[in-house]
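Please read all numbers here as calculations on a predicted model, not as lab measurements.
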Amino acid sequence: MRNIFLLIFIFCATVTFNCYAQTPDSSGAAAKTFNVDSATEHWLNTLTPAQRAKSDSYFEGGYWLQLWSTLYGLAIAGIFLFTGLSGGIKKLVSRINNVNIRNLLYGAIYLLLSWLFLFPFTVYQDYFREHQYALSNLSFTGWLQEQMTLLVLMLVFGPLILVIIYFAIRRAGNRWWIWGAGICIGFGAFGAFIAPVYLAPLFNKYQPLTEGKLKTEILSMARANSIPAENVYMFDASKQSDRVSANVSGFASTTRISLNDNLLKRCTPAEIKSVMGHEMGHYVMNHVYKGLLETGVFLVILFGLVNLLFQQIIWHYGTSLGISSIADVTGLPLLVALFSLASVLFTPLTNTMVRTQETEADMFGLNAAREPDGEAHVDMMLSEYRKIDPGYWEEIIFYDHPSGRHRVHMAMQWKAEHLNDCK
Ligand SMILES: [Zn+2]
């Protein structure tokens with residue numbers, strides 16, 4: 001459990017749609033007797049047993065990490081609440097007269113300490129484990145620099161959001177949770193707006209596509225779908241990993257499609273076009289705005305639920321925990337713990353919200369790029385970091401993108417219906 005406000009902010013702020021990632025060849029799929037299921041199996045069998053085992057191990061390990069990180073986060077909340085640490089921080093800042101400044105300082109100290117407590121888990125999950133599976137190109141120093149940048153961003157925006165939420169709690173009383181959800185959405189839209197211009201460049205270099213035939217084809221696809229050519233970028237993701245991906249980010253005038261350099265280096269033109277088609281789907285179908293709207297509804301429910309739970313706990317144990325009311329910043333660790341728990345419970349719902357958009361983008365991409373084998377090839381590359389063939393419920397609960405099997409099957413179905421006109 002990272003700090004939930006940071007999570008919400010980053011989730012809303014980036015509202016990016018990381019997609020893709022490659023493998024071998026689909027020979028003979030365009031025969032007259034094309035069988036969708038057989039073609040799908042053909043693609044899935046391009047993975048060796050060793051590759052599949054590694055991929056499954058990495059992805060399934062991620063399920064456990066979600067559990068451990070939640071428990072780890074609850075333990076951190078316990079340290080703040082049961083050792084008197086939270087009350088101690090409040091006492092430390094209590095000499096300041098202005099309540100907003102007090103809450104700002106409390107928030108900054110709380111976030112910094114939480115980050116430090118969480119650091120051992122973060123190092124294992126984001127650095128050592130990624131290297132264990134050969135999924136990271138970052139040196140420890142490079143990784144740490146990125147973490148420091150994230151920390152600064154958290155300390156700049158996190159306390160500010162907290163101050164505004166506590167202001168809403170004091171002003172709106174029992175209806176604070178509706179305001180709280182609105183504030184998070186507001187910051188989410190703001191974060192999404194500035195992310196591609198001010199935040200993403202802190203981690204990667206973004207530039208126009210390299211001149212050449214491929215650029216001409218990609219920009220032609222963009223123009224054909226009413227996407228301004230100046231809104232398509234490439235960035236140096238190879239400094240972090242070899243993963244193939246692309247995303248749509250931004251809000252209003254900053255909305256853009258970004259293709260990573262691994263995609264451009266490792267994939268064929270057909271594969272790149274299929275990824276571009278998928279990203280254009282996000283762009284053209286306004287998934288950024290729809291995602292924010294859906295997130296807004298979800299946040300209202302989440303805030304309402306957390307408010308109910310918080311009030312019940314304070315009613316029974318407020319005195320022993322040293323928390324006087326919802327407006328008392330001493331209760332922030334409890335609030336964060338409840339947000340974390342509720343968020344985990346809602347994970348199948350939020351994953352399904354995102355996965356639905358990803359499926360839509362896949363369909364748009366197939367129709368726009370008309371490269372079903374390119375699509376299937378790229379889908380197989382996903383297996384580098386995502387289990388290729390999960391169970392039905394496993395996909396619903398844990399997947400924020402359709403599984404590789406699902407995506408390849410969609411591509412082969414599309415191909416089956418276009419045997420006379422696709423390549
Ligand atoms: Zn996507």
Side-chain angles (χ1 to χ4, degrees), residues 1-20 59-74 125-126 158 161 165 177-178 180-192 195 245 247-249 251 278 281-282 285-310 335-362 382 385-387 390-404 406-407:
M1 172 186 80
R2 314 281 169 98
N3 182 283
I4 191 66
F5 292 107
L6 180 69
L7 271 181
I8 291 170
F9 178 73
I10 288 176
F11 174 71
C12 298
T14 54
V15 193
T16 55
F17 299 89
N18 282 314
C19 305
Y20 281 111
F59 201 73
E60 288 167 4
Y63 306 159
W64 289 102
L65 277 177
Q66 289 179 44
L67 175 65
W68 298 132
S69 69
T70 303
L71 295 176
Y72 195 106
L74 291 178
Q125 178 174 265
D126 292 349
I161 297 172
I165 288 177
W177 51 277
I178 301 173
I183 290 162
C184 282
I185 284 295
F187 265 96
F190 170 72
S245 78
N247 66 67
V248 172
S249 62
F251 188 84
H278 173 103
H282 286 313
M285 291 188 282
N286 293 311
H287 281 170
V288 170
Y289 308 115
K290 290 174 184 169
L292 267 178
L293 191 64
E294 289 174 353
T295 306
V297 173
F298 166 68
L299 283 178
V300 170
I301 295 168
L302 186 69
F303 269 78
L305 179 64
V306 166
N307 179 53
L308 277 177
L309 293 170
F310 188 94
L335 213 47
V336 171
L338 293 174
F339 269 111
S340 173
L341 270 179
S343 299
V344 168
L345 292 176
F346 280 117
T347 299
L349 175 70
T350 50
N351 276 346
T352 299
M353 278 160 46
V354 178
R355 198 176 59 251
T356 302
Q357 290 195 341
E358 296 299 334
T359 308
E360 290 174 357
D362 273 355
L382 279 169
Y385 56 89
R386 186 178 292 139
K387 184 177 177 182
Y392 177 80
W393 285 106
E394 188 179 9
E395 185 165 348
I396 288 177
I397 294 170
F398 293 111
Y399 280 59
D400 59 2
H401 283 65
S403 66
H406 193 164
R407 298 180 107 164

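Across R355 and E395, no two heavy atoms sit closer than the pair NH1-O, 3.2 Å. Closest of all the heavy-atom pairs between T295 and M353 is N-CE, 4.1 Å. In terms of heavy-atom proximity, E394 sits nearest to Y63 at OE2-OH, 2.7 Å. Between V306 and L335 the shortest heavy-atom distance is CG1-CD1, 3.8 Å. Taking each heavy atom of L305 and A342 in turn, the nearest pair found is CD2-CB, 4.2 Å. N351 and Y399 make their closest contact through CB-O, 3.4 Å (heavy atoms, listed as atom of the first residue, atom of the second, distance).
Aromatic pair F303/F339: ring centres closer than 6.0 Å. Side-chain rings of F298 and F346 approach one another, their centers coming within less than 6.0 Å. Side-chain rings of F251 and F190 stay apart, their centers remaining 6.0 Å or farther from each other.
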**OP:** Please step through side chain to side chain contact (heavy atoms under 4.5 Å, CB included) for the pair D400 and Q357, ending with a clear verdict.
**Re:** CA-CA 9 Å; D400 59 2; Q357 290 195 341; over 6 Å; no
**OP:** Take R407 and L382 through the side chain to side chain contact (heavy atoms under 4.5 Å, CB included) test and state the conclusion after the steps.
**Re:** CA-CA 10 Å; R407 298 180 107 164; L382 279 169; 3.0 Å; yes
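With values rounded to the nearest 0.5 angstrom, I183 atom CD1 is found 9.5 Å from I161 atom CD1. Rounding to the nearest 0.5 Å places CG of L302 at 11.0 Å from CG of N307. Atom CG of L345 sits about 8.5 Å away from atom OG of S343, to the nearest 0.5 Å. Once rounded to the nearest 0.5 Å, the distance linking NE2 of H406 with OG1 of T359 reads 5.5 Å.
With a 4.5 Å cut-off on side-chain heavy atoms, L349 and E294 do not count as touching. The shortest side-chain heavy-atom distance between Q66 and F398 falls under the 4.5 Å cut-off. Contact check for C184 versus I165: side-chain heavy atoms found under the 4.5 Å cut-off.
Checking side-chain atoms of T352 against main-chain N and O of P348 turns up a donor-acceptor pair under 3.5 Å. Between the side chain of K290 and the main chain of M285, a donor-acceptor pair closer than 3.5 Å is present.
A donor atom on one side chain and an acceptor atom on the other are not found under 3.5 Å apart for E360 and H282. For the residue pair E358/H287, the side-chain donor-acceptor check at 3.5 Å is not satisfied.
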